[in-house]
Protein chains: 2
Amino acid sequence: MQDSRPTDAAAPDAGAEADAGAGQRDLAAAGIAELRALGERVTPARRAVLRVLAETSEHLCVDDVLARADVIVPGLHRTTVYRAVETLGDLGLVTHVHPDHGPAVYHLDPSLTGSSHLHVRCRRCGEISDVPADLLDGVADRLARQIGFQLQPDHAALTGLCRACAAADPADDPR
Amino acid sequence: MQDSRPTDAAAPDAGAEADAGAGQRDLAAAGIAELRALGERVTPARRAVLRVLAETSEHLCVDDVLARADVIVPGLHRTTVYRAVETLGDLGLVTHVHPDHGPAVYHLDPSLTGSSHLHVRCRRCGEISDVPADLLDGVADRLARQIGFQLQPDHAALTGLCRACAAADPADDPR
DNA sequence: GTTCCTGCAAACTCTTTGCACTGAG
DNA sequence: CTCAGTGCAAAGAGTTTGCAGGAAC
């Protein structure tokens, strides 16, 4: 498992600042309320996944979520986390991003956090950074007009080299 | 294996038109010459992979390449194709693109074909379309200036919905 | 004659699926 | 009580690795 730490290099709207626990708990609670409102079952596993995602601004892969959620719900199974994030994704509570390599990463949907952003990933070090949500607005317009393609810019990470890796030794194994 | 047919919806410079065999053969030959010039071994497997990629403008995954190259070099092994495209990639003769789902797809590097482009992939139908190479130039500039990130815009496909799928039933299982 | 490539088998990562059981509503 | 969610085992896709044999130079 590669870890998937974000840098927030150019975070858009600074959302939930350096707040310790209160704001995050509200996020999880809001997610749970929404679950209930949608007529979905509120289970320990889903609670835990929401809480884990609410407690961080990092981009967590399923294994990361499992590791943290297992503390809350011991014995939680990886498959269950896959199913939970899928369900929560279908409901619009959780969003996932596909990096060019490695597992998909998850975070709370901007509709809950109020802070939307896109992702870039360094091919060399694998670090995922947030970039402003409007970065691809112009590109989306062009694609829509020219070929009728509706860009979903948050669904795949853009790739390249981060500042550090671009500066470093240019010959290493990029993927 | 999902098949990976490009649409050339907005192909940039029309490169090698509707030419049957001559232009493509030259491309493969150029690749082989380059291989030799770089002091790399020219093996049947590498020849075949180059020829397969030179003979199409589609985006082929390893299995596609294998299926076509196996006709030229019977018994060719999948592993060998993986290693060939990796080597050819390191040498700058072949480029690969990571769609958000499914296997990486390969094509000859623009330095050989003279026709560079980026890729968008429909989340619903999986179709990969080419889009103009300069689409992300502005975005690349912004990323470089703002966070020092060197975008490699051809390395990951942008995702969204193609015209047909966007028009169709909006509730299906997107990935 | 070396060195590098190839084929094969096996492993590895990430993810999905089928089935019996249990717990939420 | 019922149905949906869970755990477990297994399988699936895509890719990588180790090693012995063979071909390129």
Side-chain angles (χ1 to χ4, degrees), chain A residues 1-4 32-33 35-50 59-67 69-70 72-91 93 96-106 126 157 173-175, chain B residues 1-4 32-33 35-50 59-67 69-70 72-91 96-106 126 156-157 173-175:
Chain A
M1 172 185 26
Q2 63 189 86
D3 64 10
S4 329
I32 292 164
L35 251 191
R36 192 162 271 136
L38 291 166
E40 290 288 327
R41 295 201 178 170
V42 178
T43 65
R46 292 175 175 181
R47 281 177 186 278
V49 168
L50 279 172
H59 304 82
L60 304 181
C61 67
V62 162
D63 272 6
D64 294 335
V65 173
L66 176 61
D70 185 66
I72 308 173
V73 182
L76 182 64
H77 202 274
R78 173 176 284 100
T79 301
T80 303
V81 175
Y82 272 106
R83 291 196 266 226
V85 292
E86 188 189 1
T87 303
L88 296 171
D90 289 347
L91 300 174
L93 301 176
H96 67 273
V97 183
H98 296 281
D100 55 332
H101 269 83
V105 295
Y106 299 82
D173 59 333
R175 325 215 102 206
Chain B
M1 170 182 32
Q2 65 187 83
D3 66 8
S4 333
I32 291 164
L35 251 191
R36 191 163 270 135
L38 291 166
E40 291 287 328
R41 295 200 177 168
V42 177
T43 65
R46 292 176 175 179
R47 280 178 186 278
V49 168
L50 279 172
H59 304 83
L60 304 182
C61 68
V62 161
D63 273 5
D64 294 335
V65 174
L66 177 61
D70 185 68
I72 308 173
V73 181
L76 181 64
H77 203 274
R78 173 176 284 101
T79 302
T80 303
V81 175
Y82 273 106
R83 291 197 266 228
V85 292
E86 187 189 2
T87 303
L88 296 170
D90 290 346
L91 300 173
H96 66 273
V97 183
H98 296 281
D100 55 331
H101 270 82
V105 294
Y106 299 83
D173 59 334
R175 324 219 105 209

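When reading the values below, keep in mind they use all heavy atoms of this one structure, side chains included, and skip hydrogens, waters and symmetry mates. The sequence lines fix the lettering, A, B, ..., with proteins before strands; numbering per chain opens at 1.
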* Structure fact -> note: R78(A), atom CZ; dA10(D), atom P; distance rounded to Å ~ 16 Å
* Does the side chain of V73(A) reach to within under 4.5 Å of the side chain of T80(A), using non-hydrogen atoms? -> no
* Asked: Taking CG from L66(B) and P from dC8(C), how many angstroms apart are they, rounded to a whole number?
  -> 11 Å
* **For atom CG of D90(A) and atom C1' of dA4(D), their distance in whole Å** => 15 Å
* Structure fact -> In whole angstroms, the gap separating C1' of dA23(D) from NE2 of H77(B) amounts to 18 Å
* **Donor-acceptor pair under 3.5 Å, R41(B) side chain vs dC25(D) base** => no
* Asked: Nearest to the side chain of R46(A), which nucleotide is it out of dA24(D), dG7(C), dT6(D)?
  -> dT6(D)
* Structure fact -> Shortest non-hydrogen pair, P99(B) vs A104(B), comes out as CD-CA, 4.0 Å
* Whole Å only: how far is the NE2 atom of H101(A) from the C1' atom of dT16(D)? -> 11 Å
* To do: Identify the heavy atoms of H59(B) and D64(B) that sit nearest to each other, and give their distance.
  => O-OD2, 4.3 Å
* Looking at every strand, decide which applies to A84(A) at a 4.0 Å heavy-atom threshold: base, sugar-phosphate, or nothing. => nothing
* Would you say a side-chain N or O of T43(B) is under 4.0 Å from OP1 or OP2 of dT6(C)? -> yes
* Asked: In terms of side-chain heavy atoms of T79(B), which of dA9(D), dT16(D), dT6(C) is nearest?
  -> dT16(D)
* To do: Name the nucleic acid region contacted by V42(A), choosing base, sugar-phosphate or nothing; use a 4.0 angstrom heavy-atom cut-off, strictly under.
  => sugar-phosphate
* Mind checking R83(B) for me? I need base, sugar-phosphate or nothing, with any heavy atom below 4.0 Å counting as a touch. => base
* To do: For L35(B) and L91(B), work out which heavy atoms get closest and say how close.
  => CD2-CD1, 3.5 Å
* Asked: Going by the angle between their ring planes, with limits at 30° and 60°, are Y106(A) and H96(A) parallel, tilted or perpendicular?
  -> tilted
* Phosphate-side-chain proximity, Y82(B) and dT16(D), N/O vs OP1/OP2 below 4.0 Å -> no
* Of all the nucleotides listed (dT15(D), dC8(C), dT6(D)), which has the minimum atom distance to the side chain of A104(B)? -> dT15(D)
* **Distance-only donor-acceptor test, R36(A) side-chain atoms vs dG25(C) base atoms, 3.5 Å** => no
* Protein-nucleotide distance (L76(A), atom CG; dG23(C), atom C1'), rounded to Å -> 15 Å
* Nearest-nucleotide pick for P103(A), side chain only, options being dT6(C), dG7(D), dT15(C) -> dT15(C)
* Let me know the distance between NE2 of H98(B) and P of dT15(D), rounded to the nearest Å. => 8 Å
* Rounded interatomic separation in angstrom, taking CG from D70(A) and C1' from dG7(D) -> 13 Å
